[in-house]
Amino acid sequence: MTFKLAAAIVLPTLLLSACTAAEDNSADLAIPQVEAPEISVDTMKDITRELSTDAFEGRAPGTAGEEKTLALLTQRFEAAGLEPGNGDSWFQDVPLISIEAQNVSPLTVTGGSGDLSFSYGPEMVVTSYQEQAKIDITDSDMVFVGYGINAPERGWNDYEGIDVKGKTVVILVNDPDFGTESLEGEFGGRAMTYYGRWTYKYEEAARQGAAAALIIHDTAPAAYGWNVVESSWSGPQFYAQTANGGADQTKANGWIQKDVAAKIFASAGQDLEAQMTAAKDKGFKAVDLGVKSSVSFENTMSKMDSKNVVGILKGKTRPDEYVLYTAHWDHLGRCKPAPDGDDICNGAVDNATGTAALVALAEAYTKAGAPDRSIVFLAVTAEESGLLGSKYYAENPIYPLGQTVGGVNMDAFSMSGPANNVVVVGKGKSQLDMFLDAALESDGRVAEAEPTPEKGYYYRSDHFSFAKHGVPMIYFEGGEDLIEGGREAGEANSKDYTENRYHGPKDEYDPNWNWDGVMGDLKTYYTVGRMLAMTEDWPNWNDGDEFRAIRDKSRSGS
Ligand SMILES: [Zn+2]
């Protein structure tokens with residue numbers, strides 16, 4: 001799970017109509033019967049243990065730990081019988097850049113009833129996605145664009161009829177359904193859609209040509225306090241390098257405190273609360289605030305290279321159609337020390353387990369013989385810095401995304417023991433749910449929806465990088481309804497992991513782990529992927545899902 005994104009927004013998907021659509025379409029899908037071979041628990045144990053030894057230093061990109069990880073993975077992929085997945089190479093180079101804003105001026109607002117000035121840190125934060133030594137926003141017209149959403153499939157466009165080129169857009173966090181109890185509404189009610197995430201809001205502002213985008217922080221819909229915004233948005237920010245150096249991005253992206261926004265609106269003769277209410281309506285029109293903002297800062301930049309590891313098992317009859325397995329190999333490296341002085345975040349569960357699973361699955365697939373479609377095993381880098389390795393692959397695909405049938409992401413196996421259920425993050429989004437149900441059926445297990453869809457976990461691990469480009473991806477985790485101890489024991493185990501190990505130095509290999517649950521989940525991962533590799537169908541996003549239109553376009557172009 002990603003660090004910064006885990007601290008990030010929370011919001012609302014659209015499930016009800018989607019479920020109906022799935023049922024309507026199910027008759028058209030052929031889901032083949034699949035027999036799973038024995039999957040090696042020794043491979044799981046050995047690789048999880050080795051990747052999480054202190055010698056790997058927590059596997060931070062660009063460190064000696066990366067070199068060791070790449071060497072181990074390529075050796076094991078090759079031994080498993082895979083071929084290098086990028087021509088003759090096992091690697092895809094992922095050029096990364098860190099950009100840190102320094103000497104940030106106050107944000108000033110002029111032209112209203114009084115001149116205003118807000119300090120960097122306590123009142124506002126700002127950063128840049130552009131590789132520019134100096135950023136200057138000077139007397140830029142401020143425009144309130146509500147939730148900053150342009151969603152043609154919902155007939156919703158907060159930018160309609162207004163030109164924001166070169167201007168500073170001010171945007172509400174979350175989406176118009178925030179506060180809804182049910183899963184019904186234009187934006188999926190309580191469940192989060194991508195339109196609620198801050199990443200989306202900055203992307204849309206850039207597409208609209210804005211010079212700067214400022215999100216109004218509000219603790220409830222953001223789901224975290226200003227302290228989290230302030231700490232995670234200061235210091236170096238990591239991005240994948242782009243050919244144009246981020247020239248198509250806004251110059252400045254930031255957040256402002258809610259009371260800062262209230263003062264800006266008041267000086268512009270507007271009432272923030274009234275505008276927040278108006279923004280929930282479909283007919284909302286963006287408001288030119290009639291005031292101008294200025295802010296400037298310097299960027300300190302440094303570049304480094306990291307690598308995705310990619311192996312392929314070529315399909316027997318349709319090798320140019322691909323099924324994807326993804327897991328991130330990276331973790332946090334050296335981190336805040338535990339009381340005993342241990343400062344290596346070993347990332348045994350997160351995500352040595354998922355990385356080991358790629359190897360164990362590769363072995364199982366070659367043992368069973370190549371399926372009809374090709375299987376791509378992709379271990380991605382820099383997930384913890386914001387899904388950067390998977391984003392880079394999805395933007396620079398080795399195998400065409402329109403020819404990629406779908407995929408399965410594995411991030412942090414549950415070590416709680418065998419469970420009656422798996423938890424699907426993003427259940428109801430695509431027809432892959434039907435493959436999962438079929439895979440679980442023979443084991444007498446069930447798929448349950450995640451309990452907190454408003455937290456938007458679907459948008460927080462590597463499957464999302466592919467979903468965003470239309471590839472149907474499924475992500476599920478071991479459930480908490482344990483065969484021994486039931487939900488009470490399962491919840492206690494998850495709580496222990498979250499509170500005592502997650503993203504800390506104590507996420508370490510434990511020789512006493514019971515691997516039975518992991519192996520059950522791994523069998524399910526195998527079965528779902530193998531079914532996808534044997535069917536002739538192309539499962540899609542359900543009707544109304546935010547990724548459906550992108551997929552339909554990429555499929556029709558292939
Ligand atoms: Zn993580």
Side-chain angles (χ1 to χ4, degrees), residues 1-10 47-48 51-52 56-63 65-66 69 73 94 96 197 199 223-224 228 231-232 235-240 306 308-309 325-336 338 342-358 378-392 408-416 423 425-426 450 452 455-466 473 475-478 493-510 518 521:
M1 282 270 158
T2 178
F3 182 58
K4 183 168 163 203
L5 297 189
I9 294 206
V10 174
I47 297 180
T48 302
L51 288 173
S52 54
F56 283 70
E57 295 175 64
R59 304 187 305 281
T63 65
E66 166 162 0
T69 303
L73 273 177
V94 180
L96 300 177
R197 286 197 57 85
T199 43
Y224 44 82
V228 173
S231 64
S232 53
Q237 309 287 312
F238 285 87
Y239 312 104
S306 186
N308 291 332
V309 185
Y325 279 103
T326 57
H328 73 88
W329 63 253
D330 69 298
H331 194 56
L332 304 170
R334 302 250 167 200
C335 56
K336 189 167 168 245
D342 180 1
D343 71 342
I344 297 178
C345 274
N346 304 81
V349 165
D350 179 14
N351 185 29
T353 54
T355 311
L358 286 175
L378 180 63
V380 294
T381 183
E383 189 267 1
E384 303 286 11
S385 325
L387 320 182
L388 300 181
S390 56
K391 179 170 188 273
Y392 190 82
V408 178
N409 181 46
M410 301 178 292
D411 189 355
F413 276 73
S414 164
M415 287 297 172
S416 299
V423 172
V425 176
E450 61 190 313
T452 54
K455 290 193 175 170
Y457 284 115
Y458 191 79
Y459 309 95
R460 296 191 195 177
S461 185
D462 293 304
H463 48 275
F464 169 63
S465 295
F466 298 93
M473 294 289 291
Y475 177 51
F476 55 92
E477 309 172 318
N493 277 331
S494 311
K495 192 160 175 270
D496 172 63
Y497 172 70
T498 309
E499 288 178 1
N500 302 318
R501 295 165 223 292
Y502 172 72
H503 282 198
K506 297 303 165 197
D507 180 3
E508 292 178 318
Y509 184 81
D510 180 347
V518 170
D521 292 340

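Residue numbers run from 1 in the order of the sequence given. Counting convention: from 1, in listed order, for ligands and their atoms alike.
Applying the salt bridge (Lys or Arg N to Asp or Glu O under 4.0 Å) criterion to E450, with sequence neighbours excluded, gives no partner residue.
With hydrogens and angles left out, the side-chain atoms of D411 and H328 include a donor and acceptor closer than 3.5 Å.
The aromatic rings of H463 and Y475 sit parallel, their planes meeting at an angle under 30°, below the 60° perpendicular limit.
Among the atoms of E384, an N, O or S atom is found under 2.8 Å from the Zn ion (ligand 1). Residue contact annotation: D350 places an N/O/S atom under 2.8 Å from the Zn ion (ligand 1). In summary, H503 places an N/O/S atom under 2.8 Å from the Zn ion (ligand 1), meeting the contact criterion.
Residues E508 and R501 fail the side-chain proximity criterion, which asks for heavy atoms closer than 4.5 Å.
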